[in-house]
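Okay, here's the structure, questions in a sec.
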Amino acid sequence: MGFADQRFNVNLSILFTELPLLERPAAAAAAGFPAVELWWPWVDSPTPEQLELDALRKAIEDAGVQLTGLNFYAGRLPGPDRGALSVPGEESERFRANIDVAADFAASLGCKALNALYGNRVDGVDPAEQDALALENLALAARAADRIGAIVLVEALNGPESPKCPIVSAPKAVEIVDKVNAATGLGNAKFLMDLYHLSMNGEDLPAVIEQYAAKSGHVQIADNPGRGAPGTGSLPLEGLLDQLRKAGYDGWVGLEYKPGDRPSAEAFEWLPRAAR
C-alpha cells in the first residue's frame, strides 16, 4: 500500500494561491491531479453574482478536474473566522443565504461533499444558544446536501490555532454529526477527519482512525509541525492513510497544506506523478 493507493485532490484555497482563483484548477491539472476542493472562495459574499459562479465553474470544467469538496460560506477564512453557522445574527443569516447557492454550485459540477464549519464562540452569548442555532443550521445544510445527493461534513479544528472554536476534537465533531443525523433522519452528516488538526490537538491518530473511519466522509492531510507537505514534519502520514484504507475508507484525501517558500507546483515531490 502507501501513497500510491490513495486518491488525492488539491485544496485550491491553500495551494496555488499565488495564482488568481480562475487559474488554479488548470494549475492543479498541470501538476497531474484529477480533482480539487475549495473553501468558499468569496469570503465577503455568501451570494456572489452568477457571473462569478459561472466563471469558476467554467475554469474547473475547462481544466478537466473534478470538484470533490466545497465549503459553505464560513466568514473570513483564512482569517479570524472559523465558520458562520453557530454565530447569531448576521453571520447565521449569511450562512443560510449561502446554503442553496453552494449546494446548487456543487451540483452543477457533480461535487458530493459540502463542508460546514461550525464557527467560534461569541463573547456574551450563551454557548447553549449557539449550539442550538448550529444544529438548526446544520440540519438545513444536510437537507440541502441531500437534495443534490451529497453529504455534509463536520470538521474538527485544532485548539492552538482556533482557541474560540468549540469543535476541537474528533469525539466532539462526531457528537455533532450524530446529532445532525438524529435531527434530520437523513444519515448524510459525516466527520471530516483532518489529520493535521487532530495531531495539533494531541489526539491518538491510530485510535481515532480505528474508532471513526466508518463515520468519516472526507480526509485531509498536512504534516506537523508546520502544516507543510508530507515529509516536512514528523507525522507518519503514509502509514495512517494505509490504516484508513484497511479500515474501509476509500474516499478522497485532500491535500490541505502550505507549499512553503516555493511555487505550489514544486510542493508535490513527495508524491510520484504516476500516483497523483
Notebook entry, point to check: What pairs meet the side chain to side chain donor-acceptor pair (under 3.5 Å) rule with one or both residues in residues 55-64, with sequence neighbours excluded?
Noted result: Asp54-Arg57, Arg57-Ser108, Lys58-Asp62
Next item on the list: Please answer whether the main-chain N or O of Leu12 pairs with a side-chain N or O of Arg24 as donor and acceptor at a distance below 3.5 Å.
Entry: yes
Item checked: Phe72: ring pair (Phe, Tyr, Trp, His ring centres under 6.0 Å) partners, not counting sequence neighbours -> Phe95
Note to self: Would you say Glu91 and Tyr73 are linked by a side-chain donor-acceptor pair, where the criterion is simply a distance under 3.5 Å?
What the structure shows: yes
Check: Would you say the side-chain atoms of Thr47 pair up with the backbone N or O of Asn98, donor to acceptor, closer than 3.5 Å?
Finding: no
Note to self: Would you say that more than 12 heavy atoms from the other residues, nucleotides or ligands in this model lie under 6.0 Å from the CD of Gln50, or not?
What the structure shows: yes
Check: So, Asn11 side chain and Glu256 main chain: donor-acceptor pair closer than 3.5 Å or not?
Finding: no
Validation: residues 260-267 side-chain donor-acceptor distances under 3.5 Å, sequence neighbours left out:
unit_1, atom_1, unit_2, atom_2, d
Arg262, NE, Pro259, O, 2.7
Arg262, NH1, Glu266, O, 3.1
Arg262, NH1, Glu269, OE1, 3.1
Arg262, NH1, Glu269, OE2, 3.2
Ser264, OG, Phe16, N, 2.7
Ser264, OG, Glu18, OE1, 3.0
Ser264, OG, Glu18, OE2, 3.3

Next item on the list: Please say which of Asn224, Leu205, Asp223 ends up in a side-chain contact (heavy atoms from CB on, under 4.5 Å) with Leu237.
Entry: Asp223
Could you list the donor-acceptor pairs under 3.5 angstrom formed by side chains in residues 138-152, with sequence neighbours left out?
unit_1, atom_1, unit_2, atom_2, d
Arg147, NH1, Asp104, OD1, 3.0
Arg147, NH2, Asp100, OD1, 3.1
Arg147, NH2, Asp104, OD1, 3.0

Next item on the list: Could you go through the side-chain contact (heavy atoms from CB on, under 4.5 Å) check for Val65 and Ile60 one step at a time?
Entry: CA-CA 6 Å; Val65 292; Ile60 292 170; 4.1 Å; yes
Next item on the list: Answer yes or no: does atom CD of Glu210 have more than 12 heavy-atom neighbours from other residues, nucleotides or ligands under 6.0 Å?
Entry: no
Next item on the list: Would you sort out whether Leu38 and Leu56 count as a side-chain contact (heavy atoms from CB on, under 4.5 Å), showing the intermediate values?
Entry: CA-CA 11 Å; Leu38 281 162; Leu56 180 56; 3.9 Å; yes
Would you mind writing out the side-chain donor-acceptor pairs for residues 247-255 within the sub-3.5 Å range, not counting sequence neighbours?
unit_1, atom_1, unit_2, atom_2, d
Tyr249, OH, Val219, N, 3.3
Tyr249, OH, Trp252, N, 3.4
Tyr249, OH, Trp252, O, 2.5

Item checked: Value rounded to 0.5 Å, distance of OG in Ser199 from CG in Leu240 -> 9.0 Å
Next item on the list: Show your reasoning for whether salt bridge (Lys or Arg N to Asp or Glu O under 4.0 Å) applies to Arg82 and Glu161.
Entry: CA-CA 10 Å; Arg82 294 296 184 270; Glu161 294 175 328; over 6 Å; no
Check: Where do Met193 and Ile209 land on the side-chain contact (heavy atoms from CB on, under 4.5 Å) test, with the steps shown first?
Finding: CA-CA 9 Å; Met193 185 186 292; Ile209 291 169; 3.9 Å; yes
Item checked: Pairs involving residues 19-63, ordered by first then second residue, that meet ring pair (Phe, Tyr, Trp, His ring centres under 6.0 Å) (sequence neighbours left out) -> Phe33-Phe268, Trp40-Trp42
